[in-house]
Structures are given as C-alpha cells and as structure tokens.
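Just so it is clear: chains get the letters A, B, ... in the order the sequence lines come, proteins before strands, and each one is counted from 1. In this text the structure is predicted, and so the values were computed from the model without any measurement.
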Protein chains: 2
Amino acid sequence: MPTIYDVAEACGVAPSTVSRAFSRPGRVNADTAARIRRVAEEMGYRANPLARALPTGKTSLLALVVSDVTNPFYFEIIRGAELAATEADYTLLVADVHESATAERTALERALPLVEGVVLGTSRMSDSTIRVMAKQRPTVVLNRVLTGIPSVITDNARGTRRAVEHLAELGHRSLAYVAGPEASWADGMRWRAMRETAEELSLRVHRVGPYAPTLTGGTEAALAVAGSPATAVVAYNDLVAIGLMRGLAAAGVRVPRDVSVVGFDDIFGAELCSPALTTVAAPLQSLGRFAVQTLLSGMRSRTPPDARAALLPAQLVVRESTARRSSRRRGA
Amino acid sequence: MPTIYDVAEACGVAPSTVSRAFSRPGRVNADTAARIRRVAEEMGYRANPLARALPTGKTSLLALVVSDVTNPFYFEIIRGAELAATEADYTLLVADVHESATAERTALERALPLVEGVVLGTSRMSDSTIRVMAKQRPTVVLNRVLTGIPSVITDNARGTRRAVEHLAELGHRSLAYVAGPEASWADGMRWRAMRETAEELSLRVHRVGPYAPTLTGGTEAALAVAGSPATAVVAYNDLVAIGLMRGLAAAGVRVPRDVSVVGFDDIFGAELCSPALTTVAAPLQSLGRFAVQTLLSGMRSRTPPDARAALLPAQLVVRESTARRSSRRRGA
DNA sequence: CACCGGATGGCAATCGGTTGCCATGACTTG
DNA sequence: CAAGTCATGGCAACCGATTGCCATCCGGTG
C-alpha cells in the first residue's frame, strides 16, 4: 500500500503537501493539488484510517450496542442506524451483547477507544454505569430515558392509549395486560398508560406476569389469560403476543373470536403469524436513524446536547387479532 | 486517558518497560511487572487500540458484510459470527450493503484497511471483484463457492434430496420448484439437486420463476403454482415459501390440504406462520461461527488456507405445511 | 581473576498521517 | 523603493504503542 511519502516522492513534494492536498483544499496551489491527486490515483493511494485516527481521534466509527441481534425488534433499528451513519460518512459497528450486562461492559470497553460515539439500544446496564460510559464518549440511549443523556424513545403512552381505545370501540370492557420484565422501562410506561386510559374509559383492567419477553414467555401467559375474565389482552411486545396466541390456541381459546390480542412494536413476523397481529407499531427504522442523527449532532456541537428525550410517534396497526367482543362471554 | 508514558513516569521506568510488562510476560522482572500493573490499574490505564494497531497492523477487528441486515436469514449467522469472533478476542464489524454491489464496494474500501479479515455473506459482487478484495485481506465467502477462496456453504444437495424424498413419501408425484434470483448460486444448486432426485424417484418436476427472494416474490408465484399440476412445491427460500402460502390462501388453495410447501433455511418466522413451514433448515449459527473460525485459522497460518468449500449439513424440519397428497387431485 | 552468558531495562526508530510554525517569493501599496 | 500581505511549500513535532539493539549488572566458570 502506497503512503503519502510514496506519493510525495513521486511528485517531488513534501509529505505534508500531499496530506494537505487531500484534507485542506485551497491550502495548496490548485495545479499542484491536481497533480498530486492524479499521481495518488494512479498509484492507488488510500489514506490509512488508523494513521489518521491516531493524532486526530477521528475514526469515523460509531457503535450500536444491541441486547440481542437475533431479536427482530432490532432489525429495522440497525438498518436505520446504518443508513444514517453511512450518510454522514461513518461506519457502524454493531455489537451484540446477548442479554448480558457483563458482555455489554466488555464490548464497550473494547469498542469505546475505537469509536467516536455510541448508541445504546435497550441497555442492560445500570443507570450509573451508563453515565460513566457516557462521560467517555458521546452517547445516545434508545428505548429508555436517562436524565442528562439524550434519549430516543417511542411514544408509548399515546400508542397504548390508541390500543385501549381501539379495544373499547370494539366493545371490550375487561382488559388484561401481559407484563414483560420488571426492569424494562417500556413495560412500566405501557402498563401505566394502560391503567390510566382504562380508568378514563371506565374499563376494568388487570395485570398478569411478569413474563420473559419471548415467545415462550407469551405461551406461559396463556393460562393466566384464559383463566381471567378479560376479553381483550394487551401484551408487552409482539413476541409475547404471538406466543400468547399460540398458547391460547393450544388451550382451545380462539383469537380474535374469544379474545382479542394486541402487541407492541410491529416486528417482522407480526404480519406473518395467524391471525395476523394487531399491534402498536414503533417507527423502528426511524428510531435507529434518529438515534444516530442525534448522536452526530451532539458530537458536532461543542455545547452539551439537549438531553431531553425525543419522542417518536407510534401507530396502531389493526390486523386480524382484534375483533368486536363476541356476545357469548367467556370466563367469570 | 493515561498512556504508557504516564504509567512509566509514575513507576520510574521507561515506557518500553511498561509496554513489555503487558505484552511480553517474562521479559520484565516479575516484581517490576507486578508494580507496573498495579500502578496502571490504579491510574485506569487502557492500551489505545489505534496506537497499537498502527505499527503492528493488529486491529482485532473482523468485518462481516451482509447483503441485507433486515433479512432474517442473517440473524443467526450474525450471532454465530459474533460469538466466534468474541471467543477469539476479536470484534465484529457488521456492514449492511442493502443489496447493492456499489454499496458493497464502498463499504469494503472503507472497512478493509481497518480490519484483519473479511467474511462475505452472500456477496453481490462479481467473482473477479471478490478475488481482488481477497488479495488485500484474508477472506471467507458464505453461501457461495469461489475456487481459490475458502467458502462455507450449506449442503444444499443433500437438503434438497431430503425434502424431495419427504414429499415422495407423502405420495406426491408431481412437484414444482419456485425459483429465486438467477444470479443466486444456491438457487442453481437447489434446482439441480431437485431435478436429479426427482428423476431418481421418477417424479415429475417443473420450475416456475424466477421470482424475487421476498414475501412479495412468493405471493406472485402463487398464480403460477395454482395453475400447475403440482401437488407439492419446493420454494427457493422460506420468505418465498411463506409469501407463496399467503398467495395460495388468497387464491383459495389450502396448504397443506391441496398443496404441500417446503422452504429453505428455517429462518425466524418459519415456525410462526400458519401453517408452520416445513423447511430445509440451514445451520445458520454454525455457518456464521464456522466462517469466522475458518477465517481466523487462515489468518494464523502462514500457508494459504485450504480453499475447498466446507459443507455444513442441512436438516429437514417437518412442520405443518406438508401432508399426504389428498385423494381429490387438483389442476390438470 | 578474566571471561561469558543470562536477566533486565533503556534508547530510539517506526507505523502514516496531521498541523503549527517558519521560509520564501511574488505582488501590492504608500 | 521599502514595507507589508498573501500564497505556497517544507520542517519537524506529535499521536501512543511496539520492538530491535545496546548497556549494565549479576552470578557462574575455567
């Protein structure tokens, strides 16, 4: 690989001139610069990003840490982040920490000195640990609010409200919420919004769980749901909702005839399952894209970034898993 | 961030000694080394990976290039690759090229000088371009065979054979193959193996397509399949198979009662859809893991790596989309 | 006692760009 | 014509680690 020294020699100029021909347009005589560029092109010269990064600290790398790459929730988030990064001439480094806080720390310690900024998707680390990390590199957190650190989240409250209203319009008066992990910030938001909206609309609502945020978790919840008086269920997320529907089917409860089910996120698969899932769609790609854009703008401005949480709108997508409450009630 | 110079000063030794205390155990007096480590620990010293990489070329970074991160086919591949990389103390850089050969070149040009090796997942580039890239950095290709370059592929021939045998056992005598992109190496393998096996078992088989390797592509294929005499279909991959099932359902053809459907890969979602898809499961996580391991072993040995393709076994997973051929035939 | 080899630590070059500062020369201006 | 300004290019330090080579000191040996 040729270096600026090789190019400089071939052109009969100093290495610094070659460097400036690329990084400081105008600082070098136009003809000289053109000649250097031509020769560099011919020699196949490419700047070594490592060498450039060493003195300047500019690696053009961003990290996106996800709790589990195989979780379909992240697919579009990763894509959105990737797009925004590429647009800004950055490369995205995706780190998968397979749901382990320890792995997350290790991955971050390894990646931090390499990257210029970090997006934490659903971090498993404690608030204080995150704050420590955020001191070292510009950081944006996804799906979580952390005062003092820029966050990007979905408007869970509004989304939940829309889901409950939808169920109310279909005639349901008794609802259930299948809870996800207690530690989940989103779980808290959803449950709270659900209770509030239910109260406003004079619906009864109760909560079962917590369950693991997986297909299996949902299947396990089927028993509790089947035994409840609820005619409609809101699940912590789509995976749980799909698992729940399978569990209900196995128990002889038909969806949406006997029970309506609503999920969250609109992941890949929500449309595939049968019946297709009604869900509160998170703007996944926008989430990833916006997180990176927020990160970049924070990196550019000297001033500490506006650390309020950005709220991206959710949208209720009605499919087949919700229906008018049937006249023949079930349960108590 | 403290550097070896800071640690050296604090210990009253030369920077080189600090460096050796970490990288050359035994080269430094045991007591001195222990003291240096302790002081370094107290100061929170961490080696700067960039500075290390500059003279040595060791970045501890590997690249995995995927044609589309949102394709569920890659989820487990990425995870497997990530695991193998982490085990070997490497960090994986995932680049998404959203199905564009141009984006793929750009991504590679950007990433190549940074990484020590590359895994190309379903590359969209031409053989010759890949060979040029492979000259610059150790490379392994996934799902494609390229003489002279180590490859890791699924045993498509055997897998296809198993699928066809399965259908034959269920009494099907007339099969169809829904083809994927012509440029796809796997498509060629699958279709050839299908024809051969069908011949051996004296089955009739014909081919429709090509179609895009997506849900939509599959849905579009439904018409051609419904109009054919086939009672069983093998689709290019799971996405096509699922799309096909939906298209058939819309056309009033019931799966598996009227037509049996088999897919390829066993992606996330194959089990979710209804009916659950019978499919030739690729060992996705192993594929990713094995590719990285092959890459690493190639990087370690001086000798050019054994460039034969590694064939990983596929497995037929029978679910609900295949059934005994019904007595009342359909079509011609 | 002279010599030798191993253990230990330091010096300084190196990786490949970047950049502050200075030198030179041309041109402008009073 | 002297002084000042601007354009242009080179010198050399620097980022932070790695490493070949040399210096020193030790004990052991003939």
Side-chain angles (χ1 to χ4, degrees), chain A residues 1-37 39-41 43-61 89 109-116 136-137, chain B residues 1-37 39-41 43-61 89 109-116 136-137:
Chain A
M1 286 258 107
T3 71
I4 48 167
Y5 295 89
D6 302 323
V7 177
E9 195 176 3
C11 288
V13 299
S16 50
T17 305
V18 177
S19 171
R20 282 195 274 254
F22 288 106
S23 50
R24 293 291 152 89
R27 180 64 175 75
V28 178
N29 180 291
D31 295 345
T32 316
R35 186 162 49 93
I36 292 175
R37 302 186 110 94
V39 172
E41 171 75 19
M43 299 176 68
Y45 165 76
R46 321 241 62 146
N48 179 332
L50 258 63
R52 196 207 307 276
L54 189 49
T56 61
K58 180 149 181 35
T59 58
S60 293
L61 245 35
D89 237 26
E109 290 201 343
R110 170 188 276 287
L112 268 185
L114 225 47
V115 304
E116 292 179 48
Q136 304 190 41
R137 287 284 184 282
Chain B
M1 286 259 106
T3 70
I4 48 167
Y5 295 90
D6 302 322
V7 177
E9 195 176 2
C11 289
V13 299
S16 49
T17 306
V18 176
S19 171
R20 283 194 274 253
F22 288 106
S23 50
R24 294 290 151 91
R27 179 66 174 72
V28 178
N29 180 290
D31 295 344
T32 316
R35 186 162 49 93
I36 291 176
R37 301 184 109 95
V39 173
E41 171 74 21
M43 299 176 68
Y45 165 77
R46 323 240 60 146
N48 179 331
L50 260 63
R52 194 206 308 275
L54 188 49
T56 61
K58 178 145 182 37
T59 59
S60 293
L61 244 36
D89 236 25
E109 289 201 343
R110 171 187 275 287
L112 268 184
L114 224 48
V115 303
E116 292 180 48
Q136 304 191 41
R137 287 285 183 282

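Counting non-hydrogen atoms under 4.0 angstrom, Arg24(B) reaches the backbone sugars and phosphates but no base. If you check every strand for non-hydrogen atoms under 4.0 Å, Phe22(A) touches nothing. Among the atoms of the strands shown, only primed sugar atoms or phosphate atoms (P, OP1, OP2) are found under 4.0 Å from some heavy atom of Thr56(A).
The side chain to side chain donor-acceptor pair (under 3.5 Å) test applied to Arg46(A) returns Glu109(B), not counting sequence neighbours. Listed by chain and residue number, nothing satisfies the side chain to side chain contact (heavy atoms under 4.5 Å, CB included) test with Ala111(A) (two or more places apart in sequence, or in another chain). Residues satisfying the side chain to side chain donor-acceptor pair (under 3.5 Å) criterion with Ser60(A), sequence neighbours excluded, are Lys58(A). Listed by chain and number, the residues in a side chain to side chain donor-acceptor pair (under 3.5 Å) with Arg110(B) are Asp89(A), Thr91(A) (sequence neighbours excluded). Residues meeting the side chain to side chain contact (heavy atoms under 4.5 Å, CB included) test with Thr3(A), sequence neighbours left out: Tyr5(A), Asp6(A). For Ser16(A), the side chain to side chain contact (heavy atoms under 4.5 Å, CB included) partners are Ala14(A), Arg20(A), not counting sequence neighbours. Residues satisfying the side chain to side chain contact (heavy atoms under 4.5 Å, CB included) criterion with Ala34(A), sequence neighbours excluded, are absent altogether.
Nearer to the 5' terminus of DNA chain C, by closest-nucleotide assignment, is the contact made by Met1(A) (compared with the other of Arg27(A) and Met1(A)).
Atom-to-atom, CD1 of Ile4(B) to P of dT18(D) comes out at 7 Å; the value is rounded to the nearest Å. Atom CG of Leu50(A) and atom P of dT18(D) are 13 Å apart (whole Å). The interatomic distance linking Arg52(A) (CZ) with dG16(D) (P) rounds to 18 Å, in whole Å. Rounded to an integer number of Å, the gap from Asn29(B) CG to dG27(D) P is 14 Å.
At its two ends the helix from dC1(C)-dG30(D) to dG30(C)-dC1(D) runs along axes set 60° apart, each axis drawn from five pairs and the angle rounded to 10°.
Which of dC15(D), dT8(D), dC11(D) sits closest to the side chain of Leu54(A) comes down to dC15(D).
Although no hydrogens or angles enter the test, the distance criterion places no donor-acceptor pair under 3.5 Å between the side chain of Arg52(A) and the main chain of Ala47(A).
A 4.5 Å side-chain heavy-atom check between Leu114(B) and Leu61(B) finds at least one atom pair inside the cut-off.
A heavy-atom distance below 4.0 Å to DNA chain C is reached by these residues of residues 9-18 of chain A, ordered by number: Ser16(A).
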Got a list of side-chain donor-acceptor pairs under 3.5 Å for residues 22-32 of chain B, not counting sequence neighbours?
unit_1   : atom_1 : unit_2   : atom_2 : d
Ser23(B) : OG     : Ser19(B) : O      : 2.9
Asn29(B) : OD1    : Asp31(B) : N      : 2.7
Asn29(B) : OD1    : Thr32(B) : N      : 3.4

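Other residues, nucleotides and ligands place no more than 12 heavy atoms under 6.0 Å from the CD atom of Glu9(A).
Bounding nucleotides for the chain A contact on DNA chain C, 5' to 3', at a heavy-atom distance below 4.0 Å, are dG16(C) to dC21(C).
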